[in-house]
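Order of listing sets the numbers, starting from 1, for every ligand and every atom in it.
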Amino acid sequence: MTKKRILSGMQPTNQLHLGNYLGALRNWVKLQEEDYECLFCAVDLHAITNGHNPAVLAKATREIAAAYVAAGINPDKCTIFAQSAVPAHTELMWLFTSMTPLGWLNRMTQFKEKAGKKRDNASLGLYSYPVLMAADILVYNASHVPVGEDQKQHLELAREIAGTFNHRYAKDEDFFTLPEPMIMGEATRVMSLRDGTSKMSKSAVSDMTRINLTDDADLIAQKFKKAKTDALPVPASKEECEDRAEAKNLITIYAALADKSFDEVAAEFGGKGFGDFKKALTDLAVEKLTPITSRMNELMSDEAEIDRILYKGAERANELAIPVVKKTKELMGFWA
Ligand code: TYM
């Protein structure tokens with residue numbers, strides 16, 4: 001039997017943050033030890049959909065690769081590559097656009113959030129982004145996609161597109177594998193440090209809302225110290241978190257970093273003051289994140305080594321993706 005295959009990716013827009021790490025990257029590191037072939041890409045084509053700076057795109061792409069390796073992804077075991085180095089993604093996307101009704105795209109909450117009130121000014125790229133994401137996954141026939149909770153809707157769309165293709169062009173056979181989302185761990189949706197009702201995000205204007213993987217110990221301490229809480233002591237259970245989104249978020253972050261359950265952490269710190277809890281959280285975050293940051297800086301000083309990893313990854317990714325697009329076109333009746 002062929003190995004199960006994992007594909008996932010992150011956008012090279014801004015620095016990676018704690019949400020990316022706890023919601024996705026850390027899980028990838030664990031999954032590479034299991035019985036999967038793993039492919040992880042820097043989704044640079046996605047990064048241009050909402051305006052980007054050409055002067056930093058390549059560097060940001062290398063930074064994503066460096067973050068993967070620094071966090072523990074083994075480039076000898078996994079394929080690490082840049083999305084734009086595999087043209088099959090965009091070719092397959094175009095084929096998929098013809099079987100994606102606008103109604104499906106109109107449901108996508110991430111587009112609504114990112115486009116905001118100026119919907120008419122949003123790019124076609126931003127709107128059609130989930131179709132490219134479906135192509136990213138289906139072009140490798142990935143069976144599993146480890147992501148944070150915010151990507152669940154996009155995964156559902158990828159499954160719908162795969163099903164539609166199989167029905168229309170492959171006589172209902174499983175030409176495209178229907179990918180399973182893997183939403184793992186305690187921190188599937190890390191929230192902003194300043195507002196427990198909005199997601200920690202690369203694009204939030206204030207840097208104080210997130211912990212970046214490049215933040216040093218002082219900055220991490222400062223950000224947690226200033227993180228919003230309330231006047232009550234630390235909650236001792238999930239039930240005590242009602243209407244206390246910020247407190248819940250900080251406990252969730254601690255639990256994920258410590259590899260403990262939410263309940264264990266709530267039992268440990270429940271009833272104590274937030275001052276003490278925030279100190280413990282800072283120490284833990286610094287202990288877990290600073291080795292990644294320093295390894296990342298080290299890697300970024302050796303551009304040639306990162307490029308070597310990305311070249312090797314692109315070679316393997318192209319080898320897998322090209323025949324899938326060829327066969328897709330054949331099934332759709334193209335001249336060859
Ligand atoms: P991106 O770059 O926004 O995020 C990368 C990964 O981090 C997760 N994540 C979070 N998890 C928990 N809490 C948060 N606050 C948080 N913020 C982000 C995301 O769920 C994601 O797993 N569309 C994707 C990139 C993509 C992709 C793909 C992913 C493109 N093609 C194919 C998987 C497979 C995105 O914008 O992720």
Can you tell me which residue and heavy atom of the protein come closest to atom 7 (O) of ligand 1, and the distance to 0.1 Å? N20 ND2, 3.1 Å
Nitrogen or oxygen of Q151 less than 3.5 angstrom from that of ligand 1: yes
Decide whether an N or O pair under 3.5 Å exists between M200 and ligand 1. yes
Under 3.5 Å, is there a donor on one side chain and an acceptor on the other for N212 and D207? yes
Using a plain distance cutoff, I'd like to know if Q110 has any nitrogen or oxygen under 3.5 Å from a nitrogen or oxygen of ligand 1. no
Qualifying residue for ring-ring contact (aromatic ring centres under 6.0 Å, His included) with H89, from W94, Y140, F96: Y140
Step through the shown structure and confirm whether more than 12 heavy atoms of other residues, nucleotides or ligands are within 6.0 Å of NZ on K77. yes
Crowded around E33 CD? As in, over 12 foreign heavy atoms under 6.0 Å? yes
State if H17 counts as touching ligand 1 under the rule of any non-hydrogen atom under 4.0 Å. yes
Of the listed options (I137, L45, D150, V147), which comes nearest to atom 19 (C) of ligand 1 when hydrogens are ignored and any heavy atom counts? D150
Option nearest atom 8 (C) of ligand 1 (shortest heavy-atom distance, choices G148, P179, G185): G148
Does an N or O anywhere in V43 fall below 3.5 Å from an N or O of ligand 1? no
Does K4 make a cation-pi contact with Y36 (under 6.0 Å, within 45 degrees of the axis)? yes
For atom 3 (O) of ligand 1, which protein heavy atom lies nearest, and how many Å away is it? K202 NZ, 3.9 Å
